[in-house]
There are 2 protein chains.
Amino acid sequence: MTITSTASTAARQHTLRERNLELVARAVFESPSPLSRADVAAATGLARATVSTLVDQLVASRLVQELPAVTGGRAGRPAVPLVPAPRSVVGLGLEVNVDYLGARVLDLTGAVVAEHVEPGAFHDSDPATVLGRLGALASELVRQVADDGMSVAGARLALPGLVDPRAGRLAVAPNLGWSSVEPVPLLGLSLPVEIANEAKLAALAELAGPVPRSFLYVSGDVGIGAAIVLDRALFLGERGWSGEIGHVVVDPAGPRCSCGAYGCLEEYAGKEAILRGAGLGPDAPLGDLLTLLPGDGEAAVRAAGRALGSALADFVNLVDVGTVVLGGLYTDLIPWLRDDVLAVLDERVLASPFVDLEVRPAAAGPHAALTGGAREVLRGVLSDPSAFV
Amino acid sequence: MTITSTASTAARQHTLRERNLELVARAVFESPSPLSRADVAAATGLARATVSTLVDQLVASRLVQELPAVTGGRAGRPAVPLVPAPRSVVGLGLEVNVDYLGARVLDLTGAVVAEHVEPGAFHDSDPATVLGRLGALASELVRQVADDGMSVAGARLALPGLVDPRAGRLAVAPNLGWSSVEPVPLLGLSLPVEIANEAKLAALAELAGPVPRSFLYVSGDVGIGAAIVLDRALFLGERGWSGEIGHVVVDPAGPRCSCGAYGCLEEYAGKEAILRGAGLGPDAPLGDLLTLLPGDGEAAVRAAGRALGSALADFVNLVDVGTVVLGGLYTDLIPWLRDDVLAVLDERVLASPFVDLEVRPAAAGPHAALTGGAREVLRGVLSDPSAFV
DNA sequence: CGTAATAGTTCATCCGTACAACTAATGCGG
DNA sequence: CCGCATTAGTTGTACGGATGAACTATTACG
């Protein structure tokens, strides 16, 4: 996970090459349809000669693949289509959450190459044991894909808590009962591994689909996490702890929260609060709630929607982003949440007369943080392809 | 896998030069003590030969000045100290606010070269008239400094409202009674002028002093504005409307706000709310309040502090920044505000056990937005010195 | 006054991109 | 079937910019 730093360094000749190599790689990877060398030249503004040498390097280092030349309708020598190379360089996403742990391997085309998800109950677990288990599982996966000739560029570990990515430390993960852990050594992997917050990586998984360049991602579960995505990149804040929306004030006269304050968002829109409001037990599966909709559960969900709208309004007022993506348990509740969320947003967001605020469900499938983590590794490869040449 | 990034453009040879020119300029401008060419080479990692040619260009284009060589204690040829050139290239800061309009010219050393501030009452004013007046005043100032051989690089206009800097439009400024204005043409200046929110430019003025790389700036007046500074740069949000903290929820059961919602921060910590709480009229000067402290006014100020703390806690939870700078009328109230703000922050910020949150008064003097605007213009010069060579 | 030390400049060299001319491979019209 | 137009990709020369080494300039110190 990259953290913006202005510390620019002296630019030499090879800096040019690195930058242009990245530029060419991005052009190939971002394009919806395969580009030829000539197309890349036109898209980047580089000379055809330059593009050729750069593309040749990317092909040689197995990041880009040449497809058979397609002899399409028009005159001239047929173009060689360039595409991200499948099953060559891959990224590993890892996650420990309350009720499962898992690993997922993605290749540069975005395809899932291998994965293993294991249900479990890690509510008050031992970090060394759990991370050791995940490490073993991940090693097996890495061995597997390496046997198939792929090389794993790195890994990202998603954790549900306050993560300091720079220090590589998990400050606290209330729902796991973990605090002050350095998880990477406990995995025992011989790969570069970085850690990140679960909601933040899940947000990045959304970038696989059609989504605005900037949005807020809110993931509802037992806790409520959020991530700020700006210009298709995570905004982390000074320490990587941005997006802690779960304890935003909804009503100072509200119920006491486990954090010590009163009327936090989680007391209205957290999983347990919604289930309780619908007359269900705190461990009831989400399906039980959905069967009560519309009907007995509706009031509880709508109350959550209004609370969520209030917290999101603060968020939008402070950060100014026009799209909110709802993930986690909210995804399935969108039909019953959306109107209330939008109504409160319209009422409380100062800029609402000038902007169309949008609330949409998350598009990434289950265990989105695994996908997001793997994608983030590959984004790192793409942003410095010269390291692989 | 489609990953998009900021559309960077092809890098050529002259890109190298531009980047290194900026690097050298920044080294000279940001150093607390004058550097020699050799020092710059050491600081940037560039070769001495390269630095020499780049510095020569900066000197030739009057951005950098050579001081007389100082024959200090140690052996060797004495170094030529390099400093930002005074009174050569200058930036113009402009502002229209409720009770004054003004213009201020800063040179590259940060010194005020010329300024003119005119009190007035622009509560429900006509944009064309007021901006025409400001434009005339600014022209006179520009003529003056041009006669002294300085060249004005550009201007920034600060406005108290929702500004879209990209579109160059002021959406609305409630306290001026303006809405949907394109201010730049109305100034009638033959300079590149950009517009920005007043609090955001005032925040940038803080960068002149010793301040962390990232902080929140909150300016209290009739309305409450805020700005997010990250890595010494403004964070604007998608449309430039970040930092609208004035209408964050403090208590949904609170008094009705002019924005239509209930219990907004401004109803607790806005100028009128504080004055009313202290038993003063809404137009009473700030001095009247200060004479009541400590004493009769204290309860009102402390209530404002708690409300401010609550809103700032949301802010810090969402954005993750460790320092809060209080400007506007809060600057003078800091002694009576600080403890309550910090207490609420400690209570509600999830990361507070792991961070030292700091609340400090603004250091920039009066009309900080004028200074910040002029500085912003000069920052633009600094980030692309090649345009001046 | 000679030597060491530091600042700044000059020059040959290297590297990467651009431009232009080239080769390669196709469609099309006669 | 052949020549021509067209587009893709490659080769070779030129140019701009950074570099390191050698050079000059200017001081302190013994």
Side-chain angles (χ1 to χ4, degrees), chain A residues 8-24 27-28 33-60 64-83 385-386 389, chain B residues 8-24 27-28 33-60 64-83 385-386 389:
Chain A
S8 49
T9 158
R12 343 243 146 142
Q13 327 285 90
H14 71 88
T15 314
L16 271 194
R17 164 135 299 201
E18 281 168 25
R19 249 196 62 160
N20 286 336
L21 198 63
E22 178 187 346
L23 198 67
V24 168
V28 171
S33 59
L35 300 179
S36 67
R37 287 170 171 79
D39 294 333
V40 172
T44 58
L46 290 165
R48 289 213 314 276
T50 311
V51 169
S52 257
T53 62
L54 294 174
V55 165
D56 289 348
Q57 290 183 30
L58 291 174
V59 170
V64 166
Q65 200 182 32
E66 294 180 310
L67 294 184
V70 54
T71 157
R74 66 179 199 284
R77 173 174 170 176
V80 179
L82 303 168
V83 291
S386 61
V389 175
Chain B
S8 49
T9 157
R12 324 188 174 201
Q13 325 285 88
H14 72 88
T15 315
L16 273 192
R17 163 131 306 195
E18 280 168 26
R19 248 198 60 159
N20 286 336
L21 197 63
E22 176 186 346
L23 198 66
V24 168
V28 171
S33 58
L35 300 179
S36 67
R37 287 170 173 78
D39 294 333
V40 172
T44 58
L46 291 165
R48 289 211 315 275
T50 312
V51 170
S52 257
T53 61
L54 293 174
V55 165
D56 289 348
Q57 290 183 31
L58 291 174
V59 170
V64 166
Q65 200 182 32
E66 293 181 311
L67 294 184
V70 53
T71 159
R74 66 178 199 285
R77 173 174 169 175
V80 178
L82 303 168
V83 292
S386 60
V389 175

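Throughout, a chain's letter reflects where its sequence line sits, starting with A, and its residues are numbered from 1.
- Between A:Leu46 atom CG and C:dT17 atom C1' there is a gap of 8 Å when expressed in whole angstrom units.
- Residue A:Ala11 is in sugar-phosphate contact alone, with no base atom involved, counting any heavy-atom pair closer than 4.0 Å across all strands shown.
- Remark: the A:Arg77 side chain and the C:dA25 base include no donor-acceptor N/O pair separated by less than 3.5 Å.
- Along DNA chain C, the nucleotide nearest to A:His14 and the one nearest to B:Asp39 differ in position, and the one closer to the 5' end is contacted by B:Asp39.
- Between the CZ atom of B:Arg19 and the C1' atom of D:dG16 there is a distance of 17 Å, given to the nearest Å.
- The shortest non-hydrogen separation linking A:Thr44 to B:Ala10 is O-CB, 3.5 Å.
- Put simply, B:Asn20 has no side-chain N or O that comes within less than 4.0 Å of OP1 or OP2 on D:dG17.
- Screening B:Val83, B:Val28, B:Leu58, B:Leu82 against B:Gln65 for a side chain to side chain contact (heavy atoms under 4.5 Å, CB included) leaves a single residue, B:Val83.
- Checking D:dG9, C:dG16, C:dA7 against the side-chain heavy atoms of A:Ala79 singles out D:dG9 as nearest.
- Between B:Gln57 atom CD and C:dT9 atom C1' there is a gap of 15 Å when expressed in whole angstrom units.
- Between the side chain of B:Gln13 and the base of D:dG16, a donor-acceptor pair under 3.5 Å is found.
- The side chain of B:Arg48 places no N or O atom within less than 4.0 Å of a non-bridging phosphate oxygen (OP1 or OP2) of D:dA18.
- OP1 or OP2 of C:dA18 sits under 4.0 Å from a side-chain N or O of B:Arg12.
- Checking the phosphate oxygens (OP1, OP2) of D:dT10, a side-chain nitrogen or oxygen of A:Ser52 falls inside 4.0 Å.
- Using modelled atom types, one side-chain atom of A:Arg19 and one backbone atom of B:Thr9 make a donor-acceptor pair closer than 3.5 Å.
- Of the possible donor and acceptor atoms, none in the side chain of A:Asp56 sits under 3.5 Å from a partner among the backbone N and O of A:Thr53.
- A:Ala43 pairs by the side chain to side chain contact (heavy atoms under 4.5 Å, CB included) definition with nothing, not counting sequence neighbours.
- Between the CG atom of B:Leu16 and the C1' atom of D:dC15 there is a distance of 14 Å, rounded to whole Å.
- Listed candidates were D:dG12, D:dT27, D:dG9. Nearest to the side chain of A:Val80 is D:dG9.
- Atom CG of A:Asp56 and atom P of C:dG16 are 15 Å apart (whole Å).
- Distance B:Leu54 CG to D:dG16 C1': 13 Å, rounded to the nearest Å.
- Look at B:Thr53 and you won't find any side-chain N or O under 4.0 angstrom from OP1 or OP2 of D:dA18.
- As a whole-Å value, the separation of B:Glu18 CD from D:dG16 P is 15 Å.
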Before giving the answer on side chain to side chain contact (heavy atoms under 4.5 Å, CB included), spell out for B:Val80 and B:Leu67 the whole-Å C-alpha distance, their side-chain angles and the decisive distance to 0.1 Å. CA-CA 6 Å; B:Val80 178; B:Leu67 294 184; over 6 Å; no
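- Counting only heavy atoms from C-beta on, A:Ser36 has its side chain closest to D:dG9 among D:dG9, C:dG8, C:dT17.
- Nucleic acid contact class of B:Ala49 (heavy atoms, under 4.0 Å, all strands): base.
- Of the side-chain N and O atoms in A:Thr50, one or more sit less than 4.0 angstrom from OP1 or OP2 of C:dA18.
- Between B:Arg74 and the phosphate of D:dC29, there is no side-chain N or O to OP1/OP2 separation shorter than 4.0 Å.
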